[in-house]
Amino acid sequence: MSDLASLDLRVTECRACPRLVAWREEVARVKRAAFADQTYWGRPVPGFGPADAPLAIVGLAPAAHGANRTGRMFTGDRSGDVLYAALHAVGLASQPTSTHAGDGLELYGVRITAPVRCAPPANKPTPAERDNCRPWLAEELSLLPVRAIVVLGAFGWQALLPVLAAAGWSVPTPRPRFGHGVEVTLEGRHQPDRPLHLLGCYHVSQQNTFTGKLTPAMVETVLSRAKELAGLGS
Ligand code: SF4
């Protein structure tokens, strides 16, 4: 088993945050009426995408009835509908939809992951839960040949910067601020010739996409730029 596959397996067994363990399992037991006949995943969600991905997309945490139900990042919810349609449009996904873990979807050169792996109540992990989860993402990023990361939303941005510092990149002080379309380049402490490009993108949540704050074209523009910076062509 590869190091990344082993990491994915280990993360699904984590029970380090009592509040999140209780919540993810309760949601999986009670379910939403529309999914009453389904077996929820109800565990931490590993990253999704190939082990040699030079591009990563980092959200915040699994959705209670999305990834916490299907076991795959951004799969089975409205946020994922927007994200995967955009990934397909720019040539990074084999299909525009992501409905369940066995739907045949493949990602090309991109891995989707998160700084918090368990669905939190009200989509809000506590600072302690975020810190508990940090080593998982730090290890994942240190195993990937990552050259660019698209960060979805300000919370993900704030959570990711300490992860990047832990994984060996130099994060400037004061910390760079999140914004849609913002680009920041970090130097590797151990590999100065391997910079990491960070790109900000508003989160693909319904709050942003239903109000028009974030359009499909805006997501595609950021993804296209990230693809180019990651060396995946334009
Ligand atoms: Fe473990 Fe992270 Fe889930 Fe906490 S949020 S239980 S650290 S996987």
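Both counts, for ligands and for their atoms, begin at 1 and track the order of listing. Since we're looking at a predicted model, the values are computed, not measured. All values below were derived from every heavy atom in this structure, side-chain atoms included, with hydrogens, water molecules and symmetry-related copies excluded.
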(message) Do Leu4 and Arg111 have side chains that approach each other closer than 4.5 Å (heavy atoms only, starting at C-beta)?
(response) yes

(request) Compare all side-chain heavy atoms of Phe74 with those of Ser79 and state whether any distance is below 4.5 angstrom. (result)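 Yes, at least one pair of side-chain atoms sits under 4.5 Å.
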
(message) Suppose we only count N/O/S atoms under 2.8 Å; would Cys133 qualify as near atom 3 (Fe) of ligand 1?
(response) no

(message) Does Thr70 form a side chain to side chain contact (heavy atoms under 4.5 Å, CB included) with Gln38? I'd like the steps, not just the answer.
(response) CA-CA 9 Å; Thr70 62; Gln38 297 185 16; 5.6 Å; no

Distance filter under 4.0 Å to [X] heavy atoms, resulting ligand 1 atoms:
{"X": "Leu20", "value": "5 (S)"}
{"X": "Pro44", "value": "8 (S)"}
{"X": "Asn132", "value": "7 (S)"}

(request) Tell me, please, if Cys17 has any N/O/S atom, main chain or side chain, under 2.8 Å from atom 4 (Fe) of ligand 1? (result)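 Given the 2.8 Å cut-off, Cys17 counts as a ligand of atom 4 (Fe) of ligand 1.
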
(message) Just by distance, no angles: are the side chains of Thr75 and Ser98 close enough, under 3.5 Å, to form a donor-acceptor pair?
(response) yes

(request) Using modelled atom types only, decide if a donor and an acceptor are shared between the side chain of Thr215 and the backbone of Gly212 within a distance under 3.5 Å. (result) no

(request) Have a look at Cys14, Pro18, Ala114 and point out the one with the heavy atom closest to atom 1 (Fe) of ligand 1. (result) Cys14

(message) How far is atom 3 (Fe) of ligand 1 from the closest protein heavy atom, and which atom is that?
(response)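 The protein heavy atom lying closest is Cys118 SG, 2.3 Å.
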
(message) Taking Glu228 first and then Arg225, would you say they form a salt bridge - that is, a charged N and a carboxylate O separated by under 4.0 Å?
(response)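 Salt bridge: yes.
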
